[in-house]
> 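This structure is in structure tokens; I'll ask about it shortly.
Chain letters run A, B, ... following the sequence lines, proteins first and then strands; every chain starts at 1.
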Amino acid sequence: MDKVYNHQKIEPKIYRLWEKSGFFNPDKSPLRQSSNKKQKSFCIIMPPPNANAPLHIGHGVGTTLQDLMIRYQRMQGKKTLWLPGTDHAGFETQVVFEKELEKQGKSGLEMNREEFFKSVWGYTQKNKKIVKKQLKLLGASCDWSREKFTLDKNIQKTVYQTLEKLWKDGLLYRGKRIVNYCPKHKTAFSDLEVKYQEEKGTLYFVKYKLKDKKDKWITVATTRPETIPGDTAIAVNPLDKRYKKLINLIAIEPITRREIPIISDKLVDIDFGTGALKITPAHDSLDFEIGQKHKLEAIETLNFDGYFNKLARPLAGLNVSQAREKSVEILKRNGSLEKEVDYLHQVGHCYKCNTKIEPMLMDQWFIAMTKPLPKTKKSLRDLAVEAVKNKKVKIVPSRFEKVFFHWMNNIKDWNISRQIRWGIPIPGYHCQDCKQSFIEINKTPKKCIYCQSKNIKKDPDVLDTWFSSGQWPFATLFSSEGIKSKDFKTFYPTEVMETGWDILFFWVARMIILGIYRTGKIPFKTVYLHGLVRDKDRQKMSKSKGNVIDPLAVIETYGTDALRMALIIGNTPGNDIIISEDKIRGYRNFANKIWNASRFVLSNLSDYDGKKPILNSRDKKILMNLKKTQKKVTANLNDFKFSLAGETIYHYFWHVFADKIIEEMKNRIRNNKNKKQAQYILYIILKDCLKMLHPFMPFVTEAIWQKLPNYQNKKTDLLMINKWF
RNA sequence: GCGCGUGUAGCUCAGUUGGUUAGAGCGUACGAUUCACAUUCGUAAGGUCUCUGGUUCGAAUCCAGGCACGCGCACCA
């Protein structure tokens, strides 16, 4: 054995050894056969990394924690499956890819749909390979024979079937609604993709003259005077005494001079501004809601390219900020502007490019979240809330359950269509005659299912990525046989979903919703939410910020085991962690400590026969203490307290075993005092420590295990599949 | 507005249902070392556990409130 642990030399060899054994595959693991018939299964579906970039250190956290659980459970003798895969990540990937093109001086617009799709496909395939290589470097013991991609044929088939089911159940509908629209990316988003930022704005108090009542007016407060040409009413609260007499009168909109009614609706906040609200159904979601109720016209004055059209007359051809300036100018000139007040408010921005989101009226596909399922009184939301409420799905840490309920209570219908090119196409069709839309997943329809017209058009949009990844837990296990497949029966519901808290709504909630809806069963029993890795300035790591740490570089310098340990210790669920090189170096030293302590023990076992000698009470006490440590580590692992488990074994190995026990036994062996007992104790503790350490630091422990003497043929070849205590 | 989190050693963070001298990594001081390991060992310095009050035999831990920072959600136009 080398004097210093050489991770660069050993880690690749060990991974090859594991892969060659085939034991990552639960069907081939020998621990399975040696256990009783009612063997429990343990399955984690890996959150699929986006196939658009190499992994960053944040992925390292998830991968490490999952591998830790998987290795521990595998050693517990369970039929253990960790299923890997990657996500095509629709919008995310398209953005990254277009940036790449830009760097090369190209543009995605030069390509037609097929060419574009093909080049992105190639791009993701390349990244998939990199991701896979990185996962292996991290020591991931996942079953590569079951690897999946969100665009695999079978996955897409499952996704389509779910879509069809939703359609047939009346939960998927085509509707013209206000959606969040990014004028730069020219696509709609769900509510989650909008980031609100506080901004200094101006609240304009605008006078609308009353028709037939000279010199009388009603004043409304608005931050968006440029939308005035889209106004189709003014609304006041029915309880507002100030305006009671004005209800049902006609006001004159001050830019294009149209006549609009004054209506009453209890959604209007009496205390805001003047208590009178201008209603622009086409460009505001509350206004749209009120407009629907009162059957108001929705005048779409803003085009999808971000410029106003001729319906906004004097503002036509201007973008939003230009139009705002111009409208204020007009209002000032004609005496309609009562006053301007500085105003701090939250403005929605595109989470990717920070462009201001425009609420726009668009035809999109929505999933009804609060509508009852056929023959039940329960909605998709109800099913998910119920599962978490009665602890069928447990969230760790539990405080996120509150957050989950809060979000669920406010949930709105989910817009799943995206006006981009990379993703799973929506199998939707629009009839040009009767103007109705429908879903058809099995064939290309020839005519409209409603009016039989042959004048139908394929929907050009793709599905929100989260709609497909929201089905990941069962889609990955379905293979081609769906709900009857063997893997699905064996491993679903899966045991743990390990992911970051930042995608609790985006992903976890949707998996619970779609999992229960499609299979009737929860997708996983426990959700473990790890913290985000942040840099020294507490910034979230992201490629666009350029502050990512490349795990490859860290692994090369300090080794995977050191990195893993640094990511586990001090990392508690739901709390973010800051990773420092010093910490990683510290655990590199620990790996070396394990190596050298083992080297010492092994070099002193040459004349030992492996038999258990009679022990005195002092030696028994030492072994009792070992048992106590095992119990503590086991309990912590069962309780998702990985940091504590890691600290416990770290402390025991270094400061009890190496510092105290080895020193004592060293003297006894040298002086030939109870030498056999000393050798026995060293051997037993080392062996057990390697087991305990293996889920944390798989490489160094396996490498040493391979050098352990094999007394009475009792040693299993690979530590990886050795039985936990 | 509603909700959540954090505040522990110089720095970054742990602290398991309240229970002896509050821990880790790095850093600091002094010393050791051909004997498994300088990626080492020993010793030490360094903490009013954010503040105030309460419950308790006992509180970093539970409760109430204050201060500071961070975050999530929300149709206040």
Side-chain angles (χ1 to χ4, degrees), chain A residues 1-5 7 178 191-192 195-196 201 203-204 220-224 227 234-235 267-280 283-290 343 345-346 348 359 397 399-412 501-502 504-505 531-532 534 536 538 540 558-559 562 565-566 568-572 574-604 632 635-636 639-648 650-651 654-655 658-659 662-663 666-667 670 682:
Chain A
M1 281 172 89
D2 292 345
K3 207 170 166 184
V4 171
Y5 173 58
H7 62 267
I178 291 283
D191 295 326
L192 280 175
K195 289 285 153 237
Y196 287 88
L203 196 54
Y204 301 93
V220 303
T222 180
T223 55
R224 305 203 58 188
T227 63
I234 287 175
L267 287 174
V268 179
D269 183 349
I270 296 178
D271 298 323
F272 186 88
T274 64
L277 169 65
K278 71 182 206 62
I279 304 296
T280 321
H283 297 292
D284 182 277
S285 63
L286 177 65
D287 293 6
F288 179 76
E289 197 181 326
I290 293 176
Y343 181 58
H345 63 151
Q346 302 283 334
R399 64 183 154 89
F400 278 98
E401 288 174 3
K402 263 190 205 168
V403 183
F404 176 85
F405 292 136
H406 185 254
W407 185 71
M408 280 297 190
N409 286 335
N410 292 308
I411 200 168
K412 289 192 289 183
W501 57 258
D502 53 329
L504 178 62
F505 305 143
L532 274 43
R534 296 183 183 267
K536 282 174 206 145
R538 302 199 143 271
K540 192 172 159 179
Y558 299 109
M565 206 60 173
I568 293 167
I569 294 195
N571 183 359
T572 47
N575 296 323
D576 295 348
I577 54 164
I578 293 174
I579 193 80
S580 70
E581 198 163 332
D582 283 343
K583 192 176 178 189
I584 301 169
R585 192 185 303 122
Y587 291 110
R588 188 269 318 261
N589 295 355
F590 181 51
N592 190 54
K593 189 74 187 176
I594 298 170
W595 182 258
N596 272 293
S598 308
R599 198 155 69 90
F600 174 80
V601 171
L602 292 175
S603 68
N604 281 285
K632 205 169 156 187
N636 281 327
D639 219 10
F640 298 101
K641 286 171 181 156
F642 308 124
S643 177
L644 277 174
E647 245 182 283
T648 303
Y650 170 86
H651 183 263
W654 199 322
H655 301 299
D659 288 355
I662 289 185
E663 288 306 316
K666 187 192 283 179
N667 289 329
R670 299 255 150 78
L682 287 179

> Looking only at side chains, do A/R670 and A/N667 share a donor and an acceptor under 3.5 Å apart?
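No - no donor-acceptor pair under 3.5 Å links their side chains.
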
> A/H283 has an atom NE2; how far is it from atom C1' of B/rC75, in whole Å?
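Taking NE2 of A/H283 and C1' of B/rC75, I get 16 Å after rounding.
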
> Which is true for A/Y650 with a 4.0 Å heavy-atom rule: it touches a base, it touches only sugar-phosphate, or it touches nothing?
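Counting heavy atoms under 4.0 Å across all strands, the contact made by A/Y650 is with sugar-phosphate only.
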
> So what does A/A658 touch, heavy atoms closer than 4.0 Å: a base, only the sugar-phosphate, or nothing?
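Answer is base: heavy atoms of A/A658 come under 4.0 Å of a base.
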
> Is it the case that atom NZ in A/K666 sees more than 12 heavy atoms from other parts of the structure closer than 6.0 Å?
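Count over threshold, so yes.
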
> Using heavy-atom distances to pick each residue's nearest nucleotide on RNA chain B, tell me which of A/I662 and A/R224 is more 5'.
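The answer here is A/I662.
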
> For A/K641 and B/rG15, is the shortest distance between a side-chain N/O and OP1 or OP2 below 4.0 Å?
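For B/rG15, OP1/OP2 do not have a side-chain N/O of A/K641 under 4.0 Å.
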
> Counting Watson-Crick and G-U wobble pairs only, both distances under 3.5 Å, name the nucleotide matched with B/rC11, or none.
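With both distances under 3.5 Å, B/rC11 matches B/rG25.
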
> Would you classify A/V268 as touching base, sugar-phosphate or nothing, given that sugar-phosphate means primed atoms plus P, OP1 and OP2, and contacts are heavy atoms under 4.0 Å?
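Base contact.
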
> Closer than 4.0 Å, any side-chain N/O of A/S643 to the OP1 or OP2 of B/rA14?
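For B/rA14, OP1/OP2 do not have a side-chain N/O of A/S643 under 4.0 Å.
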
> Mind checking the P distance from B/rG10 to B/rC49? Whole angstroms is fine.
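Pairwise P distance, B/rG10 against B/rC49, rounds to 13 Å.
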
> Report the nucleotide, chosen from B/rC41, B/rG15, B/rU39, that has the shortest atom-to-atom distance to any side-chain atom of A/K593.
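For A/K593, the side-chain atoms sit closest to B/rC41.
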
> Between B/rC69 and B/rU28, how far apart are the two C1' atoms, rounded to whole Å?
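Roughly 29 Å separates the two C1' atoms.
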
> Within the 4.5 Å heavy-atom criterion, are A/L682 and A/I662 side-chain neighbours or not?
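They are in contact (side-chain heavy atoms under 4.5 Å apart), so the answer is yes.
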
> Scan A/E289 against the nucleic acid and name what it touches under 4.0 Å (heavy atoms): base, sugar-phosphate only, or nothing.
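Result for A/E289 = nothing.
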
> Give one of base, sugar-phosphate or nothing for A/G273, where a contact means two heavy atoms less than 4.0 Å apart.
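Nothing, no nucleic acid heavy atom in range.
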
> NA contact type, A/H345, heavy-atom cut-off 4.0 Å: base, sugar-phosphate, or nothing?
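Sugar-phosphate only.
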
> Mind checking if A/K3 touches a base, just sugar-phosphate, or nothing, with heavy atoms under 4.0 Å?
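Sugar-phosphate: the residue A/K3, judged by heavy atoms under 4.0 Å, touches backbone atoms but no base.
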
> Quick check: do A/V220 and A/I234 have side-chain heavy atoms less than 4.5 Å from each other?
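Side chain of A/V220 against side chain of A/I234, heavy atoms only: contact under 4.5 Å found.
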
> CZ of A/F505 versus P of B/rC4: gap in Å, rounded?
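Rounding to the nearest Å, CZ of A/F505 and P of B/rC4 are 13 Å apart.
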
> With heavy-atom distances below 4.5 Å as the criterion, would you say the side chains of A/Y587 and A/I569 are in contact?
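Yes. Closest side-chain heavy atoms under 4.5 Å.
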
> Strictly by Watson-Crick or wobble contacts shorter than 3.5 Å, is anything paired with B/rG46, and which nucleotide is it?
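In the structure as shown, B/rG46 has no Watson-Crick or wobble partner.
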
> Look at A/N596 and B/rU40 and indicate whether a side-chain polar atom (N or O) is within less than 4.0 Å of OP1 or OP2.
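Answer no for this pair, as no side-chain N or O of A/N596 is under 4.0 Å from OP1 or OP2.
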
> Give me the distance, rounded to whole Å, that separates B/rG18 from B/rC62 when you measure between the C1' atoms they each carry.
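The answer is 7 Å between these two C1' atoms.
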
> Distance check needed: B/rU39 P versus A/D2 CG, whole Å only.
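So the two atoms are 15 Å apart, to the nearest Å.
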
> Who does B/rA60 pair with, Watson-Crick or G-U, both distances under 3.5 Å?
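Across any shown strand, B/rA60 pairs with none.
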
> For the C1' atoms, the ones on B/rA24 and on B/rA14, what distance do you get once it is rounded to whole angstrom?
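Nearest-Å result for B/rA24 against B/rA14 at atom C1': 7 Å.
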
> In whole angstroms, how far is the C1' atom of B/rU40 from the CG atom of A/D659?
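About 10 Å, once rounded to whole Å.
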
> Just call it for A/R670: base, sugar-phosphate, or nothing, with non-hydrogen atoms closer than 4.0 Å on any strand.
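Here A/R670 touches the backbone only, sparing every base.
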
> Report which part of the nucleic acid A/S598 touches: base, sugar-phosphate, or nothing (heavy-atom distance under 4.0 Å, all strands).
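The residue A/S598 makes no contact with any strand.
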
> Side chains of A/W407 and A/L192, heavy atoms from C-beta outward: is any pair under 4.5 Å?
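Heavy-atom side-chain distance check passes, below 4.5 Å.
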
> In whole Å, measure the gap between the C1' atoms of B/rA9 and B/rG46 for me.
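Approximately 6 Å lies between the C1' atom of B/rA9 and that of B/rG46.
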
> Closest approach to the side chain of A/K195, judged atom by atom: which nucleotide of B/rA36, B/rC75, B/rC73 is it?
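Closest nucleotide among those given: B/rC73.
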
> In whole angstrom, what separates A/Y5's OH from B/rU40's C1'?
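That distance rounds to 19 Å.
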
> Provide the Watson-Crick or G-U wobble partner of B/rA36, both distances under 3.5 Å; none if there is no partner.
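Partner of B/rA36: none.
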
> Just wondering, are more than 12 heavy atoms of other shown residues or ligands nearer than 6.0 Å to CD in A/E581?
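Result for CD/A/E581: open.
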
> Students often mix this up, so state it plainly: with edges at 30° and 60°, are the rings of A/F640 and A/F642 parallel, tilted or perpendicular?
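The arrangement is perpendicular - the two ring planes meet at more than 60°.
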
> Between B/rG25 atom C1' and A/I584 atom CD1, what is the distance in whole Å?
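Nearest whole value for this atom pair: 11 Å.
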
> OP1 or OP2 of B/rA36 versus the side-chain N and O atoms of A/K666: is any pair under 4.0 Å?
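Indeed, a polar side-chain atom of A/K666 lies that close.
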
> Suppose you measure atom P in B/rU17 against the same atom in B/rA74; what distance do you get, rounded to whole Å?
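Each nucleotide's P atom is 33 Å from the other's.
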
> Can you tell me how far C1' in B/rU21 sits from the matching atom in B/rU40, rounded to whole Å?
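So the two C1' atoms sit 27 Å from each other.
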
> Using a cut-off of strictly less than 4.0 Å, decide whether A/W654 has a side-chain nitrogen or oxygen near OP1 or OP2 of B/rC41.
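Result: yes.
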
> Looking across every strand, which nucleic acid part, if any, lies under 4.0 Å from A/E581 by heavy atom: base, sugar-phosphate, or nothing?
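Nothing, no heavy atom under 4.0 Å.
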
> Of the candidate nucleotides B/rG15, B/rC73, B/rC75, which contains the atom at the shortest distance from the side chain of A/L286?
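It is B/rC75.
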
> Would you check if A/L277 and A/L286 make a side-chain contact, meaning some heavy-atom pair closer than 4.5 Å?
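A/L277 vs A/L286: side chains touch.
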
> Give me the distance, rounded to whole Å, that separates B/rU39 from B/rC26 when you measure between the P atoms they each carry.
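My reading of the P atoms in B/rU39 and B/rC26 gives 12 Å.
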
> Which whole-number value in Å describes the distance from A/I577 CD1 to B/rU12 P?
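Taking CD1 of A/I577 and P of B/rU12, I get 15 Å after rounding.
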
> So what's B/rG65 paired with, Watson-Crick or G-U wobble, going by both distances under 3.5 Å?
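WC or wobble partner is B/rC51.
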
> Of the candidate nucleotides B/rG72, B/rU39, B/rA74, which contains the atom at the shortest distance from the side chain of A/V403?
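Among the listed nucleotides, the one closest to the side chain of A/V403 is B/rG72.
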
> Of the options B/rG72, B/rG23, B/rC75, whose atoms approach the side-chain atoms of A/H406 most closely?
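Nearest to the side chain of A/H406 among the choices is B/rG72.
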
> Between B/rC37, B/rG25, B/rC76, which nucleotide has the shortest distance from any of its atoms to the side chain of A/R599?
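For the A/R599 side chain, the nearest candidate turns out to be B/rC37.
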
> Under 4.0 Å, counting only non-hydrogen atoms across every strand here, what does A/R399 touch: a base, just sugar-phosphate, or nothing?
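Sugar-phosphate, no base atom in range.
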
> Does the structure show a Watson-Crick or G-U wobble partner for B/rG1, both distances under 3.5 Å? Name it, or say none.
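The base-pairing partner of B/rG1, which may sit in any strand shown, is B/rC73.
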
> Taking only the side-chain nitrogens and oxygens of A/K402, find out if one of them lies under 4.0 Å from OP1 or OP2 of B/rC4.
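True: A/K402 side-chain N/O within range (under 4.0 Å) of B/rC4 OP1/OP2.
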
> Looking at A/R588, does any N or O in its side chain come under 4.0 Å of the phosphate oxygens OP1/OP2 on B/rC26?
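The answer is no; no side-chain N or O of A/R588 sits under 4.0 Å from OP1 or OP2.
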
> Can you tell me if the side-chain N/O atoms of A/Y587 get under 4.0 Å from OP1 or OP2 in B/rC26?
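It does not, given that no N or O in the side chain of A/Y587 lies less than 4.0 Å from OP1 or OP2 of B/rC26.
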
> How far apart are the closest heavy atoms of A/K278 and A/R224, and which atoms are they?
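Closest heavy-atom pair between A/K278 and A/R224: CE-O, 3.8 Å.
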
> Please figure out whether A/N589 or A/L644 has its closest RNA chain B nucleotide nearer the 5' end.
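Nearest nucleotide further toward 5': that of A/L644.
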
> Can you tell me the Watson-Crick or wobble partner of B/rG31, both distances under 3.5 angstrom?
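Result: B/rC41.
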
> For the pair made of CH2 in A/W501 and P in B/rC4, what is the distance, rounded to whole Å?
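Whole-Å distance recorded here is 16 Å.
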
